[in-house]
Amino acid sequence: MSDDSKPLNFIEHIVEEDLANNFPKEHLRFRFPPEPNGYLHIGHASSISLNFGLGLRYNAPVNLRFDDTNPAKEEQEFVDAIKKDVTWLGYEWDTERYASDYFQQLYDWAIYLVKKGRAYVDNQSSEEMAAQKGTPTEPGTESPNRNRSVEENLALFNQMKKGEFKEGTHVLRAKIDMASSNMLMRDPIMYRVLHKAHHRTNTDWCIYPMYDWTHGESDYIEQVSHSFCTLEFAMHRELYDWFLDQVYDEKKVRPKQREFARRNLSHTVVSKRKLAQLVENGVVGSWDDPRMPTISGLRRRGYTPESIRNFTETIGIAKRDNLIDVSLLEFQVRNHLNKVAPRVMGVLDPLKVVITNYPEGEEEWLDAENNPEDESAGSRKVPFSREFYIEKEDFREEANKKFFRLKLGKEVRLKNAYIIKAESCTKDTDGNIIEVQCTYDPKSKSGSGTEESLRKVKGTLHWVSIKHAVEAEVRLYDRLFTDESPDTHKGKDFMDFVNPDSLQVIKGYLEPHLKEAKIGDRVQFQRLGYFCVDPDSTSEKLVFNKTVGLRDSWAKIAEK
RNA sequence: UGGCCCAUGGUGUAAUUGGCAACACUCCGGUUUUUGGUACCGUCAUUCAAGGUUCGAGUCCUUGUGGGCCAACCA
């Protein structure tokens, strides 16, 4: 495999080491286990790439497992969205599983634990139990219910299951060690009463297993060999192993939990809870708002699956805290779109230009290359006429030598058209330039092969013939937060850093064939950036999203 | 005051059993260019600190320092 040449991350080293220690390769199995309580985001993309990448690398199955043990938060809508996103990213799971598929098995095992004296029913309030829990530096105290008889526990647990108790009154706890230095080992809760309908099991159950009791056992049931999760679960590993010990059969694969650091992206938040807050508070329109770091948001923004996969590959996986600069993500989408996006012309901040020596009423259709990076993309025709738009910032009455664009008395090349020279301009009463008058060199037509057409002029501008222009709504996006790490400031809420100007809606003028553009189409507006057609687009009204700008070295020069 | 994890350029990751600190991005400078895009070339680190082991330490040991996580009937 070509993968062999690439350096391994620490997770791959762990797998390699297990293989070297005679773990059978055919027993390798992985899983991606989202809770269906929200949409997947760029952080999940790393986990998805890790697990499915391992599956590809070792030709091992990868399950998509929904960790659906909390009916209060989970919905079918999210299950569907997650499946769509994983598929869109280009991965195929072996089998689709649900933790809820295992509710009966988990229940049977719980009974087994009760019978072994390893679990008991506690009917104290959560406050009482919290008080007995102790602190990281002080041991906890044992519950008065800790030594109930097996018979009594069995009866109580049965009553819990039958719905005879109200929520919050009874729980099943593992009997471990109230003095453990690991708070999670201080008799953790295995089951709670929840009189809520579940999106899959409906009202079959009114007791639901907790994460810790569910996750490792689910891995075990599925015979997952390596269970990877984020660092905040590191302390859970001891409990994961303890629960496994209770039911483990030596002849089976024993799953191994290992942890990696969550990927943090600059100028955004990567947490389902916080992203949900942005939606609920109306900061963004929806989970798939193009400003969101969700997979669906990035998709709508115009990102390609390839660019996201390349991103996760280049940022890698490790255990240290990180804040990945968004420029690494932007590079990947530019890099991919540069190769595949057709070039077109669009003017977003129009200034009218009139060629005084071009015949009135005349028009010609000029050849334009679709993609200089891809000869097979061919060419198209664009209409040229006496009056057209250029960008306002592409004209100045006077400017220094670094300004390669149109200025009075100087020439520029119009992309795929003629060389023009600015002769004069007119202004409104406020002094704003509203029109530029030019002359053109009729022999300088692009591709005509004449001596004049081969002349070198410093600047090349994009333009759109006014008579032929198609209007479109264009949505420009800026970073969602003004701070690079909005949720890491103690005493400050991440919402305080929301960028009030993250969305700007303008009108653009595009070359006419864009009228045929379909939802999801991605193009490069030459000299401006990459844009895609938003799902809001209709046959009457085109809507484009700006995915990302081109690298802009002029902006840096202009700043100085 | 307890336990667990982590520390390599501006950012993210690499570095066979200890053996010339590498790759990508960014920044800065340059070449090419009918996109100030692309492509190409170049500059930017004595690996948190102090000791120790060793012919040799980013890697092993000790002690610091800094950061993260742990007391939801969430996952």
Side-chain angles (χ1 to χ4, degrees), chain A residues 6-9 33-35 37 67-70 72-74 122 125-126 129-131 133-140 167-173 180-184 186 189-194 208 210-212 214-215 229 231-238 259 261 263 266 272-273 310-311 313-332 334-335 338-339 343 345 369 372-373 402-405 412-417 419 446-447 453-462 488 524-529 549-558:
Chain A
K6 271 192 293 183
L8 305 181
N9 61 45
E35 181 189 11
N37 68 340
D67 237 331
D68 55 348
T69 57
N70 185 358
K73 290 184 177 177
E74 296 148 8
D122 203 341
S125 69
S126 60
M129 287 193 282
K133 197 118 196 192
T135 71
T137 51
E138 296 161 45
E167 288 185 14
T169 60
H170 292 69
V171 292
L172 184 74
R173 288 227 255 173
S180 172
S181 58
N182 183 350
M183 300 292 289
L184 291 159
R186 324 245 260 226
I189 293 173
M190 294 171 66
Y191 276 93
R192 77 284 214 188
V193 174
L194 247 31
Y208 290 91
M210 300 287 287
Y211 166 84
D212 287 299
T214 309
H215 204 88
C229 58
L231 237 31
E232 62 265 31
F233 290 98
M235 300 299 292
H236 293 248
R237 190 152 108 197
E238 190 180 357
E259 311 82 18
R263 277 30 306 262
S266 72
K272 267 192 266 186
R273 203 197 92 240
N310 288 340
F311 170 70
E313 212 167 283
T314 55
I315 62 173
I317 288 287
K319 293 185 82 166
R320 53 185 120 119
D321 294 327
N322 57 82
L323 181 62
I324 298 158
D325 197 291
V326 72
S327 66
L328 300 208
L329 215 210
E330 291 175 342
F331 166 78
Q332 294 297 163
R334 282 195 196 103
N335 197 34
N338 175 50
K339 292 185 181 69
R343 271 56 170 175
M345 291 195 286
E369 196 179 20
E373 304 288 319
K402 284 185 177 170
F403 187 78
F404 302 160
R405 307 177 181 194
V412 291
R413 150 95 41 204
L414 293 175
K415 180 79 180 169
N416 302 128
I419 294 173
S446 292
S453 74
L454 298 173
R455 276 171 55 210
K456 299 283 178 196
V457 286
K458 194 59 185 169
T460 301
L461 307 185
H462 62 278
T488 57
Q524 183 197 87
F525 289 178
Q526 284 176 110
R527 301 213 301 136
L528 297 177
L550 258 26
R551 278 184 65 213
D552 188 357
S553 43
W554 164 244
K556 288 162 196 160
I557 297 166

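Predicted model only: the values in this text are computed from it and were never measured. Each chain gets a letter, A, B and so on, in the order the sequences are listed, and its residues count up from 1.
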Assign [X] to base, sugar-phosphate, or nothing according to its heavy-atom contacts below 4.0 angstrom with the strands shown.
| X | answer |
| --- | --- |
| L328(A) | base |
| R263(A) | sugar-phosphate |
| L528(A) | nothing |
| H236(A) | base |
| P33(A) | nothing |
| M129(A) | base |
| G447(A) | base |
| E167(A) | nothing |

Mapping K73(A) and T314(A) onto RNA chain B by nearest heavy atom, which one lands closer to the 5' end?
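Of the two residues, T314(A) wins.
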Reading RNA chain B from 5' onward, which residue's closest nucleotide shows up sooner: A318(A) or P372(A)?
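Its nucleotide being nearer the 5' end, the pick is A318(A).
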Give none if [N] has no partner; otherwise give the nucleotide forming a Watson-Crick or G-U wobble pair with it, both distances under 3.5 Å.
| N | result |
| --- | --- |
| C23(B) | G12(B) |
| A7(B) | U65(B) |
| U53(B) | none |
| C44(B) | none |
| G2(B) | C70(B) |
| G58(B) | none |

For S553(A) and G37(B), is the shortest distance between a side-chain N/O and OP1 or OP2 below 4.0 Å?
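True: S553(A) side-chain N/O within range (under 4.0 Å) of G37(B) OP1/OP2.
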[N] versus [M] - spacing of their [atom1] atoms, nearest Å:
| N | M | atom1 | value |
| --- | --- | --- | --- |
| A7(B) | U62(B) | P | 16 Å |
| C40(B) | C6(B) | P | 38 Å |
| G29(B) | U43(B) | C1' | 7 Å |
| C4(B) | U63(B) | P | 13 Å |
| U59(B) | G52(B) | P | 14 Å |
| G56(B) | G37(B) | C1' | 49 Å |
| U32(B) | G42(B) | C1' | 15 Å |
| U46(B) | A21(B) | P | 12 Å |

Nearest to the side chain of [X], heavy atoms from C-beta on, is which of [options]?
| X | options | result |
| --- | --- | --- |
| E232(A) | C73(B), C69(B), U13(B) | C69(B) |
| I189(A) | U13(B), C70(B), C73(B) | C73(B) |
| S327(A) | C25(B), G37(B), C70(B) | C25(B) |
| N70(A) | C74(B), C69(B), U26(B) | C74(B) |
| D552(A) | U35(B), G36(B), A14(B) | G36(B) |

Report the distance from atom [atom1] of [X] to atom [atom2] of [N], rounded to the nearest whole Å.
| X | N | atom1 | atom2 | result |
| --- | --- | --- | --- | --- |
| D321(A) | G12(B) | CG | P | 10 Å |
| Q526(A) | G37(B) | CD | P | 13 Å |
| I315(A) | G12(B) | CD1 | P | 10 Å |

Taking atom CZ of R343(A) and atom CZ of F525(A), what is their separation to the nearest 0.5 Å?
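It is 13.0 Å, given to the nearest 0.5 Å.
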Approximate separation, where rounding is to 0.5 Å, of R186(A) CZ and S181(A) OG
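If we round to the nearest 0.5 Å, R186(A):CZ and S181(A):OG are 8.0 Å apart.
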Quick one: does [X] reach the base of [N] with a side-chain donor-acceptor pair under 3.5 Å?
| X | N | result |
| --- | --- | --- |
| R527(A) | U34(B) | no |
| T460(A) | U35(B) | no |
| E373(A) | G37(B) | yes |

Determine whether the aromatic ring of F331(A) stacks with the base of A24(B), defined as ring centroids separated by less than 5.5 Å and ring planes inclined by less than 30°.
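No.
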Under 5.5 Å between ring centres and under 30° between planes: true for W554(A) and the base of G36(B)?
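One would call W554(A) stacked on the G36(B) base.
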Which class fits the ring pair Y211(A) and H236(A): parallel under 30°, tilted 30 to 60°, perpendicular over 60°?
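If you compare the ring of Y211(A) with that of H236(A), the planes turn out perpendicular.
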Note: K73(A)-E35(A) ion pair, threshold 4.0 Å (strictly below)
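Salt bridge: no.
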Of all heavy-atom pairs between N322(A) and A261(A), which one has the smallest distance, and what is that distance?
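That closest heavy-atom pairing would be ND2-CB, 4.0 Å.
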Check whether any side-chain heavy atom of I419(A) sits under 4.5 Å from a side-chain heavy atom of R455(A), and report yes or no.
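A side-chain contact under 4.5 Å exists here.
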